[in-house]
Structures are given as structure tokens and as C-alpha cells.
Amino acid sequence: MFYREAGDFSTSYPEDSQTFPIKFDRIRYYIVLAIAFLVVPFIINDYWANAILLPFLIYAIASIGLNILTGYCGQVSLGTGGFMAVGAYACYKFMTAFPDLSMFINVILAGVVTAFVGMLFGLPSLRIKGFYLAVATLAAQFFLVWLFNRVPWFYNYSASGQINAPEREVFGIIVTGPNTAAWASYLFCLIFVTFAAIIARNLTRGSTGRKWMAIRDMDIAAEIIGVNPLKAKLTAFGVSSFFIGISGALFFAVYLGAVEVGEAFGITKSFLILFMVIIGGLGSVFGSFAGAAFMVLLPVALKVIGVDVLGWPTDIVAHFQLVIVGALIIMFLIVEPHGLAQLWRLAKEKLRLWPFPH
Amino acid sequence: MEDGYTTADGRKIGAVVMEMKNITLRFGGVVAIKDISFDIREGEIRAIIGPNGAGKSSMLNVISGFYVPQEGEVWFHGAPRPQLRPYQVAQQGIARTFQNIALFEGMSVLDNVMTGRLTQMKSGLFAQAFWKGKAEAEETANREVAERIIDFLEIQSIRKTPVGRLPYGLKKRVELARALAAEPKLLLLDEPMAGMNVEEKEDMSRFILDVNDEFGTTIALIEHDMGVVMDLSDRVVVMDYGKKIGDGTPEEVRSNQDVIDAYLGVSHD
């Protein structure tokens, strides 16, 4: 009843190939953007920023990155945590080496460095596929974490082996360090998320995206229609790592402030992002957001229900949380292997006909 | 014959586009293709036929760069072709379809056809990331070409359908559309009519003739249905056990004793 495409005709090819060809979707997208940019910053507080919004936004960038590689290009990667660490440490080095540089530039440079590292570790993908590639990226994960632990240059020879984000500004507004306002760090991350999503969507609806999907669906056929497999895979690794690097930089500088590499960017992080992508939906930018929201919100929601509503002891709730999240993941994979994005798509298809399905 | 010939139905056939010279292909001890030479002329429909395991598909794979022959040369446009990867062969203007459909199942029909245009799309990553300038113009221009092919093959109504949901006959047609979208100079069809019913075969034959007629595309095809081959093709190469046993117009091939023996069997006494 509310969701209609009737009367909504595309009269040119650019109109037909835009991100939201249906007017209703387009309007909703602008409303979401307006609320995120113009309303939320005024009502945000520290709890909402740190418990929900910042991790959601930052993980969303990482999921978009991994989704490009795994969902669109079909290359499984378990090195996400390691690549986030590259972003974080690159950002740290830029922040300390060039104190006057805008934080925007620091984060983007961190993404660029990660893109190159990602491409380097993507080189074996020309020869190996599937599980074997996953194992090769696992090697990247362990190697990178080991590297940042063992080479003191990366953490500027600090005694603790940790890296701490110094105070840095964007246009005079502090976005890192302990004195950051909640709205500033939120907006800072939101800008990156918005651009990441737009860029990812533009790339995936154009010729680059078709190359990636061709490689994913059938690499032999992709080669026969003129796709250079090495180039396509390496661009996927590069773009994917760029986003993952940005997310790692934000995770360290804006969200945590201080990082110990094995703890923050260990193998569990790689799996977390992979779960987000799978639960959200492979090959969908919206799915990346849905997956990130699911994995961030669910533990918080369970905690609120268990501790605040039911009054159970905190430790029991914490344990149940793990059990329930795990069970839900399995349930999701069985019920809808294509993830939340597919559920959303089905719901939209039903809505188009509702309430007269015949 | 040097500069081409005129077919029975009055079409002008041009100069040699591709020439296979003494191709030999071995897999270990197995000789798949043994010292085969033939040419493909501009504008003609060239059929390669033979019993199962004769080496027809291997021949096509040699042309499209999947297999590297141990001996012999592939000449393209009057010059020997260096060893190329399949994607480089595609960039030279050779498109093909596969015996068992090789479409991108997760993508829509339109996206599949658009992948055929990838060799023509050259905008950089940054232009594409912001969907501005060259990227946008190029997308629209190539979409127009793709839509022309979609019109031509009468698959407009399934444009946005994911390929995985289509029936077999339509998939074959979409695969042809993808190959045609590249506007190839030479089109290789590996059993375009395998597994089709009579009606679908008639449709497909009509499309092949139309492609040849309207776009002037040179076509090399492998087919088992003799009726189709004899009707469609201008010249036929016959292979058996990796060797060439016949080459000529359908009439010549039909009356060739070796060919009859290969197809009907011959008593060894």
C-alpha cells in the first residue's frame, strides 16, 4: 500500500541505473540521511555514541569493505582484523609524524596504505581460491598482528607496546583524544560511512562491479569476455582494504583511543566482520549495514533485557548473550542464507503487492 | 578463392580472418588435435563438426586462448598471433559461448549482457567511484548498445531477471546476447543448440543467420545437429579423432566418403 513503483517510469538509462530507481526508496534514503546528519548529533549522548552508534558506523565501513571482496568478488578473506590493524597503525604513525595534518587526511592516508598492503596479500588470489585463499589471508592476519607487536617502530617505542591516539582536530573541532564530544566523533565517522557506502554502491553498479561479480560467479567465463582476473581481483582487494583500513583507523583513533593490537585486531575481529557480512547479506551494501547493526545491537539489546528488565545477574547475562548470539547466527544461516538483505528484499516484494497479492 | 567467394544465396564472403596452421595439441600422451589447418573467412558461417571426442571443443579453446597448442600457429588478420591469455583474445574482438552455459548466475540478464561491453569500458576507478564524467557517459553509451542486442534477441521482458531463474533455452539466448554485446569480429559458438527442442532450435538458427546478415559477424560454430549445420553453414570442417577428414561446402562434405565412414562407422575386415 505504501510501497509502490506504479507510475514511476524511467525514461532514460541514467535514471534506470541510479542507486534507488524507485522514488519511494529515494525519498526514504534522503530522510534517513537528514535524520542521521541533522537530528542525531543534537540528541546524542556518550552512552549512545560509545555503546551503539560509533561501533555500528565503524563496523559498517569494515563490512562494506569485506563485502566488496567476499560478497561481490567472491574472494574469502579472514584477514580483516589484520588489515584494520594496518589502518590503525598507519593512522597512528601519520598522526604522530604530522601533528598539524587534518584528521580527515590522516584517516584517508591510512586507508591508502592499507589498500596497498591488501593488494600485496591479495596477490596469491590469482592462484588459489576458496578455502585455500581463506587460509592464505589468515596468514596475513597472524603476520600483521605479530609485526605490530614485535617491531617497536610501529608503536613509537612506547613502554606499554600500546598506541594512544593524541588529540587531533578537523576544522578546529577535536575528533580524537579524551576531550572529544560525542557528537563530533559521531559526525566524523558518519561522514566516512556515507562516502564509503556511496562509493561502494557506485563501483558495484558500474563496470568495476560487473567485473568483480563476473569473477565471483564464474571466473573462466569472466576471462573469456575480456576481464583480466589479476587486475579485477587486485582492485577488489585494494578497494576492500581501503575501506577496512579506514574503519581500523577510526576504530583506534575515534572509538577506542588506545589499542593493544592482539586484543583489538585479533582473529576474533576478522570473524566478527565476516559474520556481519554473512548475516547482513553477501553482495549488498545495505546488507553490510544490517549485519553491522545486528551484531552491535543484539548484545546490547540482550543485556538491557536481561539485566535491566529481568534483573538477572550481569555475569549470567553475559554468558547467555554469547549463547543466544551464536544460536541466532546459526538460525539465520539456516532460515535465510542470503542474509538480512534478502529478507528486506522479500519484504519489499511482498509490500509492492500488499494488500492484494493476486 | 584468394579474395573470397560468393555463396549460393549470393552473400559475398571476404578475405581470410583467421587461419589455423598445422595445429597440434597434446595432453600428455593423448593427441587431441593432430596437424589441423583450416581458415575462416570474413562474413562466413563456418561449422566444425565431428563425432564426440573428435577435438572440436579443444579447437575452439585453442582459438580463444584457453589451450596452447604444442605445434602450429594461429594467424589472425594476416599475422601470426602471439600466445595470448583468454582475456587478451577477447580484447582482440573474439567472443564465444560455451557448450554448458557459462553465465553469471547471480547477476541480472542486463548485467550479464553489459559484461559483454567490459572490453569497451575504460573509465578509471575514481571516475566510477563518484559516478561522474566519463564513467556515467560510458555507462549510458554502452547500455544503449546492450539494449540494442537485447531488442535484437527479443529478451526485453527478462532484462532485470536474475539469470539463475531462467529456463535453459533463454539462458542460451542470454549467453549469445553477452557474446554479441562485445560486437565481435569473430564469434565462436560451442553447440549453441545442444539440448533444445525443435522450436528453440529454429529460433536460435534464425538468430545466428540474422547476426551474420545484419552485423556481418563472422561465425564459427560447433554443432551436432546435421540438419542445422547443413542449412546454416557456408563451409564445414569435419574432424575425427583429432584429425581433419573433410573440408568444404556442406554438399562436398556430405558426399565425402571419409566423413560418411566416420559418422556411420566402417567395417574393419
Side-chain angles (χ1 to χ4, degrees), chain A residues 5 10 12-19 21 68 71-74 115 126 195-232 234-236 238-239 242-243 281-284 338 342 345, chain B residues 61 64-66 85-98 101-107 110-112 114-132 135-144 146-147 159-160 163-164 175 178-179 181-182 184 188:
Chain A
E5 54 181 319
S10 308
S12 70
Y13 294 134
E15 242 174 74
D16 190 47
S17 62
Q18 61 187 335
T19 301
I68 283 177
Y72 284 99
C73 197
L126 187 67
F195 273 102
I198 291 174
I199 289 174
R201 180 66 191 137
N202 282 345
L203 286 178
T204 49
R205 70 185 160 135
S207 60
T208 309
R210 289 196 199 98
K211 279 181 195 166
W212 291 340
M213 289 188 273
I215 292 279
R216 169 194 72 189
D217 284 351
M218 191 170 278
D219 49 356
I220 291 182
E223 218 179 329
I224 209 70
I225 55 164
V227 177
N228 181 343
L230 180 66
K231 222 171 130 190
L234 285 189
T235 8
V239 174
F242 176 71
F243 289 143
L282 289 164
S284 155
H338 297 291
Q342 179 69 12
R345 230 172 277 143
Chain B
N61 283 335
S64 57
F66 274 119
R85 303 282 311 150
Y87 69 88
Q88 294 167 317
V89 172
Q91 284 159 2
Q92 284 195 332
I94 298 179
R96 72 171 284 183
T97 66
F98 288 82
I101 301 162
L103 284 168
F104 309 121
E105 301 264 326
M107 297 158 73
L110 176 65
D111 274 334
N112 266 280
M114 285 293 281
T115 57
R117 302 293 304 160
L118 283 176
T119 47
Q120 317 293 326
M121 299 176 83
K122 308 242 184 279
S123 67
L125 204 60
F126 281 101
Q128 285 180 42
F130 296 100
W131 204 260
K132 285 279 166 263
E136 196 179 11
E138 177 184 78
E139 179 79 15
T140 308
N142 284 296
R143 174 83 185 265
E144 270 160 25
E147 289 285 351
R159 221 192 244 120
K160 295 272 170 85
V163 162
E175 203 188 10
R178 183 182 68 190
L188 309 172

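Convention: sequence-line order gives letters A, B, ...; per-chain numbering from 1.
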Given that the side chain runs from C-beta out, which part of [X] has a heavy atom under 4.5 Å from chain A: side chain, backbone, both or neither?
X	value
B/Phe98	side chain
B/Arg178	side chain
B/Glu175	neither
B/Lys160	side chain

Between chain A and each of [options], count heavy-atom pairs under 4.5 Å; write down the option with the most.
options	result
B/Gln88, B/Arg96, B/Met107, B/Arg117	B/Met107
B/Pro184, B/Ala90, B/Ala129, B/Ala102	B/Ala129
B/Met114, B/Glu138, B/Glu136	B/Met114
B/Leu125, B/Val89, B/Asn112	B/Leu125

Would A/Glu223 and B/Arg85 pass as an ion pair if we require N to O under 4.0 Å?
->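 Salt bridge between A/Glu223 and B/Arg85, a charged N being under 4.0 Å from a carboxylate O: yes.
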
Report all side-chain donor-acceptor pairs from residues 208-215 of chain A shorter than 3.5 Å, counting only partners two or more places apart or in another chain.
{"from": "A/Thr208", "atom 1": "OG1", "to": "B/Gln128", "atom 2": "OE1", "distance (Å)": "2.3"}
{"from": "A/Thr208", "atom 1": "OG1", "to": "B/Gln128", "atom 2": "NE2", "distance (Å)": "3.3"}
{"from": "A/Arg210", "atom 1": "NE", "to": "B/Asp111", "atom 2": "OD1", "distance (Å)": "2.9"}
{"from": "A/Arg210", "atom 1": "NH2", "to": "A/Arg205", "atom 2": "O", "distance (Å)": "3.4"}
{"from": "A/Arg210", "atom 1": "NH2", "to": "B/Glu139", "atom 2": "OE2", "distance (Å)": "2.6"}
{"from": "A/Trp212", "atom 1": "NE1", "to": "A/Ala232", "atom 2": "O", "distance (Å)": "3.2"}

Output the distance between atom OG1 (B/Thr97) and atom CD1 (A/Ile224), rounded to the nearest 0.5 Å.
->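 Going from the OG1 atom of B/Thr97 to the CD1 atom of A/Ile224 covers 10.5 Å.
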
What distance separates A/Phe195 CZ from A/Phe243 CZ, expressed to the nearest 0.5 Å?
->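 A/Phe195 CZ to A/Phe243 CZ: 11.0 Å, rounded to 0.5 Å.
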
[Y] side chain reached by [X] side chain, heavy atoms, under 4.5 Å:
X	Y	value
B/Phe126	B/Lys132	no
B/Gln120	B/Asn142	yes
A/Arg216	A/Cys73	no

Toward chain B, the part of A/Thr235 with a non-hydrogen atom under 4.5 Å = side chain

In terms of heavy-atom pairs under 4.5 Å with chain B, which of A/Ser12, A/Ser207, A/Gly206 leads?
->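 Of the candidates given, the most pairs with chain B belong to A/Ser207.
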
